[in-house]
Visitor: 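Structure provided below as structure tokens; questions to follow.
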Amino acid sequence: MRSFPGLIESFARTTEHRDRDQIDLSVARLLHDYVEARRVVVYRLIDDGEQPLVQQRLLIDRDGHEHGPDHPPIADLPHLIDRLHWYECKMTRDAVHYQVGTGPDQTMGTVFPLLAGESAVGLIEIELEPLRDSLQRRDVRLIAGVMRLLSNHLAILDYGQRDTLTGLLNRKTFDHGFDKILERNRSQARDSSGTSGWFAVVDIDRFKAVNDRFGHLFGDDVLLLVARLMRQAFRESDQLFRFGGEEFVIVLDAARPENAEAALQRFRRRVAEHVFPQIGQVTISIGYTRIGASEPAVICFDRADSALYYAKEHGRNQAWCYETLIESGQLEKRKESSADVEFF
């Protein structure tokens, strides 16, 4: 087991990272080395409506070997309630001890919450070697303290990655993270679940008229409320961006075509049915496309934007899929060359 100064030094190196995956790896290795664990697992919690799903993001085994993200179909992920120590850890936001097996195969473990504000967005599970006692109270307190410091570090990173008005992810975060979106989509394409990532561009209809008639303060209120409805309509695994002005981008994670359409249409209807203070009805138009295995962001945006333009030209308050429009002959396929596309 590492000394306390060694733990602090390792944590200092962890906070040098800005990439979330690198932070996960660094923290998992820090804990693995500190307690000489059989394994350390980092999980992400995915909001799926009734009960969160649990997705393994990283595992370090007893030999220190790293095992990357687990990418089973969403439907195959375990629920939080499937393991009581997971559920208790999320609900109490505190460390929970557990025991697996009996006799010589008995192993002890402790799971810690990974917090974002007041809620747990992930779990870090430490499993000890067979017949070892559970972590000492002093070690639990020390690791819990490290987790709180990590939460503060992530909050600072989060601040720089989000739009100051709406709290959604910003354009800079999108630019830096789209390669990871493509990598995740390639992993999903290798399974037979029929799921894919989807790229949607959202535009508030006649937003300039709102600003001109009611003023920019009411325009900002519209943006805030649309962002709130967006967060309510999509899963935590989906990524929501404000690109500036009245334009938003949604990246749907691992969805079948019919589920992607249902989610986007549900969001569109929620906005149309919402009563905006002093303004009344506001509508949005959406264009979306499937994310290919190796396409740059400019290509995805160009296709989704073509579908968005079609929605605008045909009455607004609509959501259209680029591929559907091409197949039906309602839209002519454009030559996809990133050299011909000016991204914003």
Side-chain angles (χ1 to χ4, degrees), residues 45-50 52 115-121 155-174 198-253 255 259-288 301 304-305 307-321 344:
L45 301 182
I46 301 175
D47 186 5
D48 191 44
E50 296 180 1
L115 300 173
E118 295 300 314
S119 62
V121 296
I156 294 171
L157 290 182
D158 201 48
Y159 180 80
Q161 294 173 344
R162 294 192 177 272
D163 173 60
T164 54
L165 176 64
T166 64
L168 300 179
L169 296 170
N170 58 29
R171 163 74 189 282
K172 180 180 178 181
T173 304
F174 175 86
W198 297 84
F199 184 99
V201 179
V202 179
D203 190 83
I204 300 176
D205 296 328
R206 299 186 173 93
F207 185 71
K208 183 178 183 301
V210 172
N211 279 333
D212 290 345
R213 181 179 177 185
F214 298 97
H216 288 278
L217 287 178
F218 283 99
D220 286 350
D221 283 343
V222 169
L223 293 170
L224 284 166
L225 288 170
V226 168
R228 182 184 302 171
L229 293 170
M230 189 181 295
R231 281 190 288 265
Q232 293 171 355
F234 297 98
R235 305 165 298 177
E236 286 190 22
S237 58
D238 301 325
Q239 298 183 62
L240 314 176
F241 302 85
R242 183 190 175 201
F243 267 39
E246 68 272 28
E247 194 165 61
F248 302 84
V249 163
I250 301 168
V251 177
L252 294 174
D253 182 30
N259 294 340
E261 179 182 10
L264 292 166
Q265 293 286 9
R266 181 174 62 244
F267 171 50
R268 180 192 60 78
R269 288 193 299 269
R270 283 190 181 185
V271 174
E273 294 166 359
H274 187 82
V275 179
F276 290 77
Q278 302 294 321
I279 296 171
Q281 186 187 41
V282 171
T283 63
I284 58 173
S285 296
I286 304 173
Y288 66 101
F301 188 88
D305 197 51
L308 172 67
Y309 185 77
Y310 183 91
K312 293 281 192 182
E313 289 291 297
H314 290 79
R316 298 182 175 85
N317 190 23
Q318 299 176 20
W320 282 99
C321 174
F344 305 104

Visitor: Rounded to the nearest 0.5 Å, what's the gap from CD on Glu313 to CD on Gln318? Could you check?
Guide: 11.0 Å

Visitor: Quick check: closest heavy atoms across Ser285 and Leu308, and the distance to 0.1 Å?
Guide: O-CD1, 3.2 Å

Visitor: To check you understand the geometry: which heavy-atom pair defines the closest contact between Ala307 and Cys321, and what is its length?
Guide: CB-C, 4.3 Å

Visitor: How would you list, by chain and number, every residue that makes a ring pair (Phe, Tyr, Trp, His ring centres under 6.0 Å) with Phe207, sequence neighbours excluded?
Guide: none

Visitor: Is the backbone of Gly244 close enough, under 3.5 Å, to the side chain of Arg171 for a donor and an acceptor to pair up by distance?
Guide: no

Visitor: Looking at Phe214 and Gln278, what are the two nearest heavy atoms and their distance?
Guide: CE2-O, 3.3 Å

Visitor: What distance separates Ile204 CD1 from Asn211 CG, expressed to the nearest 0.5 Å?
Guide: 9.5 Å

Visitor: Nearest 0.5 Å, please: how far is CZ in Phe248 from OG1 in Thr166?
Guide: 6.0 Å

Visitor: Listed by chain and number, what are the side chain to side chain contact (heavy atoms under 4.5 Å, CB included) partners of Asp212, not counting sequence neighbours?
Guide: Lys208

Visitor: Step by step, would you call Phe267 with Val202 a side chain to side chain contact (heavy atoms under 4.5 Å, CB included)?
Guide: CA-CA 10 Å; Phe267 171 50; Val202 179; 4.1 Å; yes

Visitor: Can you check side chain to side chain contact (heavy atoms under 4.5 Å, CB included) on Leu264 and Phe234, steps first, answer last?
Guide: CA-CA 9 Å; Leu264 292 166; Phe234 297 98; 3.9 Å; yes

Visitor: When rounded to the nearest 0.5 angstrom, what distance separates CD in Gln232 from NE2 in His274?
Guide: 8.5 Å

Visitor: Tell me the closest heavy-atom pair linking Asp163 and Asn170, and the distance in Å.
Guide: N-CB, 3.9 Å

Visitor: Salt bridge (charged side-chain N to carboxylate O under 4.0 Å, His left out) with Asp205: which residues, sequence neighbours excluded?
Guide: Lys312

Visitor: Specify whether His314 and Tyr310 have parallel, tilted or perpendicular ring planes, treating 30° as the upper limit for parallel and 60° as the lower limit for perpendicular.
Guide: parallel

Visitor: Taking all atoms of both residues into account, what is the closest heavy-atom pair of Asp203 and Glu246, and its distance?
Guide: OD1-CG, 3.5 Å

Visitor: Any side-chain heavy atom of Val201 within less than 4.5 Å of one from Glu247?
Guide: yes

Visitor: Is the number of heavy atoms from other residues, nucleotides or ligands under 6.0 Å of Arg231 CZ greater than 12?
Guide: yes

Visitor: Might you confirm whether atom CZ of Arg316 has over 12 heavy atoms from other residues, nucleotides or ligands at distances under 6.0 Å?
Guide: yes

Visitor: Starting at CG of Asn317, measure out to CD1 of Ile286 and round the result to the nearest 0.5 Å.
Guide: 9.0 Å

Visitor: Between Phe241 and Leu169, is a side chain to side chain contact (heavy atoms under 4.5 Å, CB included) present by the stated rule, with each step listed?
Guide: CA-CA 4 Å; Phe241 302 85; Leu169 296 170; 3.4 Å; yes

Visitor: Looking at every heavy atom in both Pro277 and Phe218, which two are closest together, and how far apart are they?
Guide: O-CD2, 4.1 Å

Visitor: Please walk me through it: do Asp238 and Trp198 pass side chain to side chain contact (heavy atoms under 4.5 Å, CB included)?
Guide: CA-CA 10 Å; Asp238 301 325; Trp198 297 84; over 6 Å; no

Visitor: Return the CE to CZ distance between Met230 and Arg242, rounded to the nearest 0.5 Å.
Guide: 10.5 Å

